[in-house]
Amino acid sequence: MNKNYDENNIFAKILRLEIPCHKILENDHALAFSDINPQSVIHVLVIPKKAYLNLYDFTENASISEIELLWKLVNDVIKLNKISEKGFRIISNSGDDGNQDVPHFHVHLLGGKNLGRMIN
Ligand code: 5GP
């Protein structure tokens, strides 16, 4: 585990079932659940079940099967919501410059409407 990982972050608590979430899907290595403060019609968070700080930490240190199953779960949520044709947006905030609030790697999947330009 990365020495900077805070085991008391909110997503770690969700993974330990200490606080509830609205689960969408899961597999052996990843969990998808609704964002508590949705920024679009569809706003799902997809997280690895093991402790990684951010996308860089995940891609540097996770196993191939963890990486494969996280992105497979993103695709499964896209399929479940039938947004593969209409489109969607993936965001992963990292660190201070990325304005990451929760220090457990997560992918935001946003969709269900036109999301406008990425950065205004
Ligand atoms: P970040 O800024 O780290 O990329 O995004 C963190 C996201 O986690 C935010 O969109 C926020 O709404 C969401 N979030 C924060 N606390 C909770 C929580 O307790 N439950 C859920 N489902 N989402 C949360």
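Cluster membership for L115 and I83, using ILVMFWY side-chain heavy atoms within less than 4.5 angstrom, is not shared. A chain of hydrophobic side-chain contacts below 4.5 Å, direct or via other Ile, Leu, Val, Met, Phe, Trp or Tyr residues, connects L31 to I19. In the hydrophobic clustering of this structure, F105 does not group with I91; members are Ile, Leu, Val, Met, Phe, Trp, Tyr whose side-chain heavy atoms approach within less than 4.5 Å, directly or through other members. Residues L15 and L73 do not share a hydrophobic cluster, defined by chaining ILVMFWY side chains whose heavy atoms lie under 4.5 Å apart. Note: the hydrophobic cluster containing L45 does not contain Y56 (ILVMFWY, side chain heavy atoms under 4.5 Å, direct or indirect links).
Across every non-hydrogen atom of N8 and K13, the tightest pair is O-CE, 3.3 Å. N93 and G98 make their closest contact through CB-O, 3.1 Å (heavy atoms, listed as atom of the first residue, atom of the second, distance). Between N27 and L69, the shortest heavy-atom distance links the atoms ND2-O, 2.9 Å. Of all non-hydrogen atoms in A32 and V77, the two that sit nearest each other are CB-CG2, 3.7 Å. The nearest pair of heavy atoms linking G112 to V41 is O-CG2, 3.7 Å. Counting all heavy atoms, side chain and backbone alike, I14 lies closest to P20 at CG1-O, 4.2 Å.
Y52 and E66 share a side-chain donor-acceptor pair at under 3.5 Å.
By the neighbour-count criterion of 12 heavy atoms within 6.0 Å, atom CD of E18 is densely surrounded, having more than that number from other residues, nucleotides or ligands. Heavy-atom neighbours of D96 CG from other residues, nucleotides or ligands within 6.0 Å: at or below the threshold of 12. In the displayed structure, K49 atom NZ is contacted under 6.0 Å by more than 12 heavy atoms of other residues, nucleotides or ligands. Other residues, nucleotides and ligands place no more than 12 heavy atoms under 6.0 Å from the CG atom of D97.
Panel note: side chain K79, backbone V74; no donor-acceptor pair is recorded below 3.5 Å. A distance-only check finds no donor-acceptor pair linking the side chain of D35 to the backbone of V44 [under 3.5 Å]. Between the side chain of Q100 and the backbone N or O of L53, at least one donor-acceptor pair lies under 3.5 Å. No donor-acceptor distance shorter than 3.5 angstrom exists from the side chain of N61 to the backbone of F58, with no hydrogens or angles considered. Without hydrogens or angle criteria, S40 side chain to G111 main chain gives a donor-acceptor distance under 3.5 Å. Side-chain atoms of R89 come within 3.5 Å of backbone N or O of G116 as a donor-acceptor pair. Within the 3.5 Å criterion, the main-chain N or O of I24 finds no donor-acceptor partner in the side chain of E26.
Residue pairs meeting the ring-ring contact (aromatic ring centres under 6.0 Å, His included) criterion with at least one member in residues 16-37, sequence neighbours excluded: F11-F33.
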Would you check, one step at a time, whether the test side chain to side chain contact (heavy atoms under 4.5 Å, CB included) holds for E7 with R16? CA-CA 10 Å; E7 292 188 67; R16 291 196 297 266; 4.3 Å; yes
Evaluate side chain to side chain contact (heavy atoms under 4.5 Å, CB included) for W71 paired with V107, printing each intermediate quantity in order. CA-CA 9 Å; W71 292 110; V107 170; 3.8 Å; yes
How far apart are the C-alpha atoms of L55 and S92, what are their side-chain angles, what is the distance that settles it, and do they pass the side chain to side chain contact (heavy atoms under 4.5 Å, CB included) test? CA-CA 7 Å; L55 175 60; S92 189; 4.1 Å; yes
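The distance from the NZ atom of K86 to the CG atom of N81 is 14.0 Å, given to the nearest 0.5 Å. The CD atom of E68 lies 11.5 Å from the CG atom of D28; values are rounded to the nearest 0.5 Å. Note: D101 CG to N37 CG = 10.5 Å, rounded to the nearest 0.5 Å.
Contact of the F88 side chain with the L110 side chain is not registered, since no non-hydrogen atoms from C-beta on lie closer than 4.5 Å. Two residues are said to be in side-chain contact when any heavy atoms from C-beta on lie closer than 4.5 Å; H108 and Q39 fail this criterion. Put simply, the side chain of I90 reaches to within 4.5 Å of the side chain of L109, judged on heavy atoms.
Aromatic ring centres of H104 and H106 lie farther apart than the 6.0 Å criterion allows.
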